[in-house]
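Okay, so here's the structure we're looking at.
This one's a predicted model, so the numbers in the text were calculated from it and none came from an experiment.
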Amino acid sequence: VYLREGKTTEALAAMDAAVKLDEARADLHAARARALRTAGIRNEARTEFQNALNLDPSSEEARAGLISLRAEPKHELRFGQENDLFNFADANHNEWTSLNSQWTPRWSTGLAGSFYQRGGIEAEKFVGSVTRRQPKWGAVTVGGATGHDNGVIPKTEAFFDLDRGWRTGETTFVRSVETIYGQHWYWYQSSRILTLTGTAIVYLPRDWTFSLATTGARGAFSGSGIEWRPSGIARLGFPIAGWSPRRLSGNVFFAAGTEDFGQVDQIGSFASQTYGGGLRYQITALQDLTGYGSYQKRTQDRTDTAFGLSYGIHF
């Protein structure tokens with residue numbers, strides 16, 4: 001009753017007295033642990049939940065209480081591999097590793113390394129970023145990349161993102177909305193590319209999501225003028241099945257746009273439509289496996305079949 005009324009001090013005093021009267025009752029130790037957890041005294045709460053479990057090994061409440069007091073993982077280490085199979089050129093491959101760390105509620109960092117094989121040419125890239133979160137303004141991310149380009153990937157990159165979300169309430173169909181604005185600069189050996197991207201993500205009931213993103217790419221090539229090229233993508237995410245803590249979710253997406261990277265990837269100017277989807281399998285609370293596949297149809301009857309897989313560990 002005290003806990004329901006928010007009277008934490010009174011609840012602790014009552015639980016202390018009850019435990020002293022009968023220290024062999026597991027339910028009293030579990031109740032005192034709940035009061036300690038509510039008061040933010042986590043170490044003592046963990047000890048009391050463990051005492052309850054020692055007295056009653058079948059206590060689901062004590063077991064769940066210990067799980068609830070585990071520290072949230074701060075890091076995600078992910079390994080991935082991606083492939084592009086063209087009907088007009090040799091395949092491209094990319095292996096990568098990333099480490100994202102949430103150091104405090106306001107500060108986080110991201111590190112990644114990628115290793116490319118493009119048309120028989122190898123290249124490597126290193127990416128770093130830092131994110132600052134503010135309750136009123138959302139999150140701001142700045143970062144950059146550099147590496148050994150070999151003429152097939154950018155020599156250097158710089159980017160920033162502005163991320164803001166709004167909660168609409170649990171009783172409405174749209175639970176919350178998130179908007180992201182990003183700018184990304186790519187410097188190749190003989191060209192410069194700037195992309196401006198705006199994304200809106202709508203969070204729906206039962207873990208469904210819908211996102212829509214549009215991108216404008218500004219290309220400046222040696223010996224040619226500056227030109228803007230548009231593209232966009234729509235994505236629907238949805239749950240498939242759950243066997244706690246395991247979960248399976250999926251997504252489908254459609255993208256369309258035009259590009260002109262003729263002097264960069266030797267593919268010329270083209271328009272395209274891309275159809276694809278992905279799956280995410282949460283193996284445990286600390287491990288997950290994701291995969292995707294897509295088919296892109298370009299002008300001049302050219303196609304790109306892409307697929308990839310990644311494995312993440314949270315610690």
Side-chain angles (χ1 to χ4, degrees), residues 73 76-85 92-98 100 102 110 112 114 127 129 131 138-139 141 159 161-168 170 172-182 184 195 197-215 217 230-257 259 272-298 303-314:
E76 180 196 61
L77 179 63
R78 184 167 292 277
F79 306 91
Q81 205 274 342
E82 300 174 343
N83 307 273
D84 287 277
L85 308 180
N92 289 345
H93 305 284
N94 174 26
E95 297 82 35
W96 55 269
T97 302
S98 66
N100 294 309
Q102 185 73 48
S114 298
V127 184
S129 66
T131 299
T141 299
F159 57 87
D161 294 324
L162 305 176
D163 190 333
R164 180 73 187 276
W166 293 268
R167 184 176 295 277
T168 58
E170 294 295 325
T172 60
F173 179 70
V174 176
R175 300 298 177 84
S176 59
V177 177
E178 180 180 2
T179 60
I180 306 169
Y181 171 76
H184 201 134
T195 63
T197 302
T199 305
I201 306 173
V202 179
Y203 294 88
L204 304 171
R206 300 180 181 274
D207 294 328
W208 285 67
T209 60
F210 176 74
S211 63
L212 185 65
T214 58
T215 298
S231 63
I233 180 171
R235 185 188 307 269
L236 180 67
F238 47 87
I240 297 176
W243 315 271
S244 183
R246 297 184 294 275
R247 293 182 180 178
L248 180 65
S249 58
N251 67 79
V252 293
F253 61 86
F254 170 75
E259 298 181 32
S272 66
Q273 298 82 42
T274 306
Y275 308 84
L279 293 172
R280 181 180 186 273
Y281 179 51
Q282 182 174 308
I283 306 169
T284 69
L286 302 177
Q287 299 179 71
D288 70 86
L289 188 67
T290 66
Y292 77 91
S294 67
Y295 175 78
Q296 183 182 86
K297 184 174 177 59
R298 303 178 178 180
T303 64
D304 174 8
T305 302
F307 58 93
L309 190 69
S310 70
Y311 170 68
I313 306 171
H314 303 260

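- A distance of 10.0 Å separates CG of D161 from OH of Y181, quoted to the nearest 0.5 Å.
- Rounding to the nearest 0.5 angstrom, the gap separating the OG1 atom in T172 from the CG atom in L204 is 9.5 Å.
- Here Y203 pairs with nothing under the ring pair (Phe, Tyr, Trp, His ring centres under 6.0 Å) rule; sequence neighbours left out.
- Between S249 and D207, the closest side-chain pair of non-hydrogen atoms is not below 4.5 Å.
- Of all non-hydrogen atoms in A217 and T195, the two that sit nearest each other are CB-CG2, 4.1 Å.
- Here the side chain of T168 pairs a donor or acceptor atom with the backbone of R175 at under 3.5 angstrom.
- A distance of 9.0 Å separates CZ in R280 from CZ in R247, rounded to the nearest 0.5 Å.
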(request) Kindly indicate, with the supporting measurements, whether the criterion side-chain contact (heavy atoms from CB on, under 4.5 Å) is fulfilled by Q287 and Y311. (result) CA-CA 8 Å; Q287 299 179 71; Y311 170 68; 2.4 Å; yes
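- Applying the salt bridge (charged side-chain N to carboxylate O under 4.0 Å, His left out) test to E82 and every residue at least two apart in sequence or in another chain returns nothing.
- For G110 against N100, the heavy-atom pair with the smallest separation is CA-OD1, 3.4 Å.
- Between F253 and S294 the shortest side-chain heavy-atom distance falls below 4.5 Å.
- Proximity of P239 to W208: side-chain heavy atoms (C-beta onward) are separated by under 4.5 Å at one or more points.
- In this structure, T303 OG1 and D84 CG are separated by 11.0 Å, a value rounded to the nearest 0.5 Å.
- With sequence neighbours left out, the side chain to side chain contact (heavy atoms under 4.5 Å, CB included) criterion links A200 to no other residue.
- Looking only at side-chain heavy atoms (C-beta outward), T215 and I233 stay at 4.5 Å or farther from each other.
- Proximity of a side-chain donor or acceptor of Q282 to a complementary backbone N or O of P245 within less than 3.5 Å is detected.
- Nearest approach of G291 to L309, heavy atoms of both residues: CA-CD1, 4.0 Å.
- You'll find the side chain of V127 reaches within 4.5 Å of the side chain of F159, heavy atoms only.
- The two residues G250 and L279 have their closest heavy-atom pair at CA-CD2, 4.1 Å.
- Partner of Y275 under the ring-ring contact (aromatic ring centres under 6.0 Å, His included) criterion, chosen from Y295, F254, Y292: F254.
- With rounding to the nearest 0.5 Å, the separation of CD in Q296 from CG in D304 is 5.0 Å.
- Shortest non-hydrogen contact noted between S310 and L289 is O-CD1, 3.3 Å.
- A distance of 10.0 Å separates OG1 in T197 from CD1 in I180, rounded to the nearest 0.5 Å.
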(request) Apply the test side-chain hydrogen bond (donor to acceptor under 3.5 Å, both in side chains) to residues N83 and Q81: give CA-CA distance (whole Å), side-chain angles for both, the deciding distance (0.1 Å), then the verdict. (result) CA-CA 7 Å; N83 307 273; Q81 205 274 342; 2.6 Å; yes
(request) Tell me, with the steps shown, if R78 and D288 meet salt bridge (Lys or Arg N to Asp or Glu O under 4.0 Å). (result) CA-CA 9 Å; R78 184 167 292 277; D288 70 86; 2.8 Å; yes
